[in-house]
Amino acid sequence: MKNLILLGAPGSGKGTLATDLCDEMEIEHISTGDLLRDVAASGSELGLQIKQIISSGELVPDNLIGQMIKDLLLTERVAKKGVMLDGFPRTIAQAEMLQQIMAEAGRQIDKVVYLKIDLAAIIKRLVNRVSCKVCGRPYHLINFPPKVAGKCDLDGGELIKRADDNEETVKKRYDTYMGKTMPLINYYKTQGLLYEVDSLIGRREVVEAVLSNI
Ligand code: AMP
């Protein structure tokens, strides 16, 4: 039962890698971005606040996301499986919360996979990114297009573009990442948990590199 963390800038390929790895390993993909977009879409008071934060490229408060992860890890369905945390932690405070949550849940972090990429490549990727409205599977309109335009290969769901995948918000998200999330690289390196992989070596190559190093 492996517990993994995926670290990397927005557009580094965390979601794609998580999709591929979860197809091969019996573990639960937990994407905090997806969880938050669901709350945002609910139209509740909290959802509206979250929607505004997401479109500004900032982070939602640590306590809010920490509580969501804690609740999820303790649910019966997830408690029995390994997890792949995609998009969490994103700050040192969240990493410290996670350590406590993991201890309470009787788990430990086995590996932190760090996907390296530069800003120019990120922009090229994100402006061409779409994903399935139903299952969330990501596509790239040029490098990894769906078989039928506008439809998911798996379930035929409509392919949609994220509102925050425009050049201006991507740059803001990247700044947020550099300021708040980058310190986690050293944090986990010091703990001997970090495995670093170049995100641009190719989709299958990244999966294979990770599978043989976790
Ligand atoms: P993502 O899908 O991972 O790119 O996340 C989209 C947006 O959701 C981010 O730009 C943040 O506004 C918010 N978000 C996702 N995960 C977190 C987190 N762990 N902490 C704070 N905000 C988050």
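Each ligand, and each atom within it, is numbered from 1 in the order the structure gives. The structure displayed is predicted, hence computed values, not measured ones.
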Shortest protein contact, atom 12 (O) of ligand 1 (heavy atom only): E58 O, 2.6 Å
Distance from atom 22 (N) of ligand 1 to nearest protein heavy atom, with residue and atom: V60 N, 3.1 Å
Distance filter under 4.0 Å to R37 heavy atoms, resulting ligand 1 atoms: 2 (O), 6 (C)
Contact partition for I54 relative to ligand 1, non-hydrogen atoms under 4.0 Å: both
Protein heavy atom at shortest distance from atom 14 (N) of ligand 1: L36 CD1, 3.3 Å
Backbone of G15 reached by a side-chain donor or acceptor of T19 within 3.5 Å: yes
Side chain, backbone, both or neither: the part of I65 lying under 4.0 Å from ligand 1 by heavy atom: side chain
Presence of salt bridge, K116 and D198, under 4.0 angstrom: no
Electrostatic pair K133:D155 at N-O distance under 4.0 angstrom: no
R204/E208 ion pair, N-O < 4.0 Å: yes
Within-shell test, K14 vs ligand 1, heavy atom, strictly < 4.0 Å: no
Heavy-atom donor-acceptor pair, D34 side chain to I30 backbone, under 3.5 Å: no
Within 45° cone and under 6.0 Å: R90 NZ/CZ vs Y177 ring: no
Of the listed options Q94, R90, R173, closest to atom 9 (C) of ligand 1 (non-hydrogen atoms): R90
Atom pair CG/CE of L36 and M68 - distance to nearest 0.5 Å: 5.0 Å
Atoms of ligand 1, numbered as shown, that sit under 4.0 Å from any heavy atom of T32: 15 (C), 16 (N), 17 (C), 19 (N)
S55-D164 side chain donor-acceptor pair, cut-off 3.5 Å: no
N or O contact, S31 vs ligand 1, cut-off under 3.5 Å: no
Region of R162 that comes within reach of ligand 1 [heavy atoms, distance under 4.0 Å]: side chain
